[in-house]
Amino acid sequence: MDGTQAAIGHNTPDGVSKEVFLGHVRSIAREKAAVKEAQAKLNRARQSAKADNILLKDLDLCVALAELSTPEQIEKLNTQRTYMEYLNAPLGTQMTLFSPSSDDDLSDEERIEQIKKDADAKGYFEGVKGVLFEDGNPHEANSPAGQAWIGGYRRGQEEAAKKIAEKPPAA
């Protein structure tokens with residue numbers, strides 16, 4: 001090697017044609033534009049929520065909790081409760097509102113009802129969010145949990161449709 005040639009390695013364009021390279025540049029630019037557009041839509045949705053006097057941090061927390069299973073929600077809230085107690089939060093004795101409970105304390109019927117209730121809530125949340133039906137149900141469709149998810153999803157879709165119908169057309 002005479003010093004003017006780069007060594008063959010992972011940083012060299014060896015075997016990459018101009019067309020392939022430019023194709024990837026265009027593809028990445030397109031996706032970046034889509035991300036920018038999606039971020040602008042998200043910002044507008046958040047501004048709308050803020051205009052309706054919704055505290056965005058609370059909204060974010062609720063959305064994050066809604067995406068968790070019921071046991072995960074309880075664990076998360078119990079952790080927050082413990083941290084608030086460490087800080088001597090002014091809620092005082094109200095912190096027992098989220099007192100720990102265990103699945104071990106539930107009968108089989110109660111456990112099944114809890115699973116169905118959780119599936120229904122998840123379905124509702126997915127319906128409100130507008131997730132495609134075929135992409136959302138994590139349960140076997142004919143199972144009790146699957147049927148509960150479908151019922152929740154339908155209610156969520158109905159709620160979303162009502163909100164759309166109530167919204168005045170953009171001027």
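Below, all heavy atoms of this structure are taken into account, side chains as well, without hydrogens, waters or symmetry copies.
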Review point. Which residues pass the side-chain contact (heavy atoms from CB on, under 4.5 Å) test with Gln157, sequence neighbours left out?
Key: Tyr153
Exercise for review: Sequence neighbours left out, what passes side-chain contact (heavy atoms from CB on, under 4.5 Å) with Glu109? Give chain and number order.
Suggested key: Ser107
Review point. What distance do Ile115 atom CD1 and Ser143 atom OG have between them, rounded to the nearest 0.5 Å?
Key: 9.5 Å
Review point. Under a 4.0 Å N-O cut-off, is there an ion pair linking Asp108 with Arg111?
Key: yes
**Study point:** Value rounded to 0.5 Å, distance of CD in Glu159 from OH in Tyr124
**Key:** 4.0 Å
Revision key, fill the gap. Output for pair (Gln147 CD, Glu140 CD), nearest 0.5 Å, gives 10.0 Å
Practice item. List in chain and number order the residues that pass side-chain contact (heavy atoms from CB on, under 4.5 Å) with Ala121, two or more places apart in sequence or in another chain; answer none if no residue qualifies. Key: none
Review point. What heavy-atom pair brings Ala145 and Ala119 nearest, and what distance separates the two atoms?
Key: O-CB, 3.3 Å
Point to revise | Closest heavy-atom pair and its distance - Ala141, Asn137 | key: CA-ND2, 4.3 Å
Practice item. Using a cut-off of 6.0 Å, state whether more than 12 heavy atoms not belonging to Lys50 lie near its atom NZ. Key: no
Check your understanding: Out of curiosity, Asp120 CG to Arg155 CZ, how far, rounded to the nearest 0.5 Å?
Key -> 4.0 Å
Output a table of donor-acceptor pairs, distance under 3.5 Å, between side-chain atoms of residues 52-77 and any protein atom two or more places apart or on a different chain; print 'none' if there are none.
unit_1: Asp60; atom_1: OD1; unit_2: Arg46; atom_2: NH1; d: 2.6
unit_1: Asp60; atom_1: OD2; unit_2: Arg46; atom_2: NH1; d: 3.4
unit_1: Asp60; atom_1: OD2; unit_2: Arg46; atom_2: NH2; d: 3.2
unit_1: Ser69; atom_1: OG; unit_2: Glu72; atom_2: N; d: 3.3
unit_1: Ser69; atom_1: OG; unit_2: Glu72; atom_2: OE1; d: 3.2
unit_1: Thr70; atom_1: OG1; unit_2: Asp118; atom_2: OD1; d: 2.7
unit_1: Glu72; atom_1: OE1; unit_2: Ser69; atom_2: N; d: 2.8
unit_1: Gln73; atom_1: NE2; unit_2: Leu65; atom_2: O; d: 2.8
unit_1: Gln73; atom_1: NE2; unit_2: Leu68; atom_2: O; d: 3.4

Practice item. Go through the structure and list residues passing side-chain hydrogen bond (donor to acceptor under 3.5 Å, both in side chains) with Gln47, not counting sequence neighbours. Key: none
Mind listing the side-chain donor-acceptor pairs of residues 21-28 below 3.5 Å, one per line with the distance, residues two or more places apart or on another chain?
none

Review point. Going by an N to O cut-off under 4.0 Å, is there a salt bridge joining Lys41 and Glu37?
Key: yes
Check your understanding: What are the two closest heavy atoms between Pro144 and Lys116, and how far apart are they?
Key -> CB-CD, 3.8 Å
